[in-house]
Amino acid sequence: MTGRRRTDPPALRASLTRYRDLIDDWPAFCEAIARPQPTCLWANPARITSGALADLLAEEGLAAEPLAWRPDSLRLVPGVRSGRFWWYCAGLAHAQEEASQLPVTLLSAAPGHRVLDLCAAPGGKTAQIACALGNRGTLVANDFAAERIKALVGNLDRLGIVNTTVTRVDGSNFPAAAGQFDRILVDAPCSSEGTLRRNPDRAADLNVALSQRLAARQRALLRKAVQRCRPGGRIVYSTCTFAPEENELVVADILAEQGGRLRLCAAEVAGLKTAPGVTAWAGRALDASLARCLRLWPHHNDTGGFFVAVLEKDPTLPGEPEPTPAALTAEAGDEAWVEALTARYGLPEGLWQELRIQRQTRRGLHLIAADHRPPAAPAAEGRGLFFQRTNIRPPKLTTAGALLFGAHATRHRLELSAAQRDAYLAREDLVPSPRQVAEAVPGQVIVTHRGFPLGLAIWHRSGTLASLFPSRWSGCAGGGRPSVEAEAED
Ligand SMILES: C[S@@+](CC[C@H](N)C(=O)[O-])C[C@H]1O[C@@H](n2cnc3c(N)ncnc32)[C@H](O)[C@@H]1O
């Protein structure tokens, strides 16, 4: 259980009573929002299957059930702090609330699509989209909050995402120079009522005026998404709130503005109990088609609350010309780094085939999917994955680079015991076994646990093995020791 104070159930109910007539079973709803929510994870398809992940979790005493509607995702008991487990640090999984996994499912992004995630941080849905694209092609992840972008980049690095360019602009002004996209996700900033099971103290901040203020920003973001969507393309608008002011009313306003150029599609997910969008609210009657929106009430599937609208742009409209692509130039000599890495770690040559390297900062090199074609504007905060520090002596793979390549390494690779793994993630010196000492070669080494890379360590000539696990590695700073005591992560 969490140590956090929980708003008492009557106060929680009171903050939501205005929705009473929208909900089929008010007592069941009230009971659901007052209890902690199951933890949910998805397996990183580039690294492990959900079945193998479930087996790994079971060995650590964590029972995990696949979701009926999304078998690559697993449901665990409430309160699992996934970020403190080694398999999370190794990028085998990402913790994402079950309801939060819906928008990307309905976006139907597929390899070949050019995709924009307009409000992307901290990146759970960006990573889901990147995986749906097979970690290839072009995904632009935008957000305007610098701190949240750091968390986004941390998540993408941990999961090994190389097909994403990150931008930081006001999404409601996302520039036309970026061109049009086949899929756009608008996971809008909202009053977050659907997360009350995880953040019950938010109840005190909720009111209609807040929803109305947010609705203006939400309309502006969705309006811009419509402009940036290719004819025939799809936009998913989602929020984690119940307020119709932020949901159906926003969608209805944008549909009315577009006058037939935009179509609301039925949002359906097999295996999940959902409710239709509302068609009347606060004295305003909406078009009956608004029922095609999807509402997820917490008591129906024991999740948080969510709203999703799926919109398609008229395919007969004229499209815009292709945007000017960003110039992704590699610096002369950078190939030598790749050769050196390949030689040191005994990596297969073919590993680099669908990737290209690029120097974006003086610190080192990024890896990008070879077919990634980001636009020149808006300016990128970063593209792909920062894999090699070159401005230090000796140069070194980053942790993200070690996670990406480590499984293919045939040299300078060291398997750690469970105790060594925990020390490594806690950034303590490791106690090597006599066999490890006998085989040690001084210098950097990729460390693994059960064959899964964790990062880099260094063998000193004295025979000691030091952890190079970074202190600010997103979500993993707590070390590798299991903990089931607090709320799940986003
Ligand atoms: C619901 S959160 C997005 C969560 C994210 N999609 C995920 O799955 O991790 C909304 C995000 O919108 C961002 N945001 C708010 N207003 C924005 C704007 N005008 N332009 C771009 N991003 C904005 C916030 O910083 C926040 O990160």
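Heavy atoms only: backbone and side chains are in, while hydrogens, waters and symmetry mates are out. Numbering of ligands and ligand atoms starts at 1, following listing order.
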State the atoms of ligand 1, each with its element, that fall below the 4.0 Å cut-off from a heavy-atom position in [X].
X      : result
Arg217 : 15 (C), 16 (N)
Ala145 : 25 (O)
Gly171 : 18 (C), 19 (N), 20 (N), 21 (C)

Would you check whether [X] has a nitrogen or oxygen atom less than 3.5 angstrom from a nitrogen or oxygen atom of ligand 1?
X      : answer
Pro189 : no
Ala188 : no
Asn142 : no
Ser172 : no
Gly123 : yes
Gly124 : yes
Asp170 : yes

Given Arg197 and Asp302, is the salt bridge (Lys or Arg N to Asp or Glu O under 4.0 Å) satisfied, shown in steps? CA-CA 10 Å; Arg197 292 181 70 178; Asp302 197 14; 2.7 Å; yes

Residues Lys125 and Gln128: side-chain donor-acceptor under 3.5 angstrom: no

We want to know whether Gln101 and Trp69 form a side-chain donor-acceptor pair, criterion being a heavy-atom distance below 3.5 angstrom. no

For Arg148, which part has a heavy atom under 4.0 Å from ligand 1: side chain, backbone, both, or neither? side chain

Given that the side chain starts at C-beta and the backbone is N, CA, C, O, which of these parts of Val169 lies under 4.0 Å from ligand 1, counting heavy atoms, or is it both or neither? backbone

Just wondering, are more than 12 heavy atoms of other shown residues or ligands nearer than 6.0 Å to CZ in Arg284? yes

Does CD in Glu65 sit with more than 12 non-hydrogen atoms of other residues, nucleotides or ligands closer than 6.0 Å? no

Please verify whether a non-hydrogen atom of Ser100 lies at under 4.0 Å from ligand 1. no

For Thr126, state whether at least one heavy atom is located under 4.0 Å from any atom of ligand 1. no

Any [X] side-chain heavy atom under 4.5 Å of [Y] side chain:
X      : Y      : answer
Val162 : His372 : no
Pro103 : Phe306 : yes
Leu355 : Phe387 : no

Heavy-atom nearest neighbour in the protein, as seen from [atom], with distance rounded to 0.1 Å:
atom                    : result
atom 8 (O) of ligand 1  : Lys125 NZ, 2.9 Å
atom 6 (N) of ligand 1  : Asp187 OD2, 2.7 Å
atom 22 (N) of ligand 1 : Phe144 N, 3.4 Å
atom 12 (O) of ligand 1 : Cys119 CB, 3.3 Å
atom 7 (C) of ligand 1  : Ala120 O, 3.6 Å
atom 25 (O) of ligand 1 : Asp143 OD1, 2.6 Å

Derivation and outcome, side-chain contact (heavy atoms from CB on, under 4.5 Å), residues Arg383 and His366: CA-CA 7 Å; Arg383 308 182 199 285; His366 281 71; 5.8 Å; no

Should the pair His299 and Trp297 be assigned to parallel (<30°), tilted (30 to 60°) or perpendicular (>60°) ring geometry? tilted

Criterion side-chain contact (heavy atoms from CB on, under 4.5 Å) on Glu97 and Thr303, from CA distance to verdict: CA-CA 8 Å; Glu97 207 269 284; Thr303 63; 3.8 Å; yes

Please step through side-chain hydrogen bond (donor to acceptor under 3.5 Å, both in side chains) for the pair Gln218 and Thr239, ending with a clear verdict. CA-CA 10 Å; Gln218 291 155 345; Thr239 74; over 6 Å; no

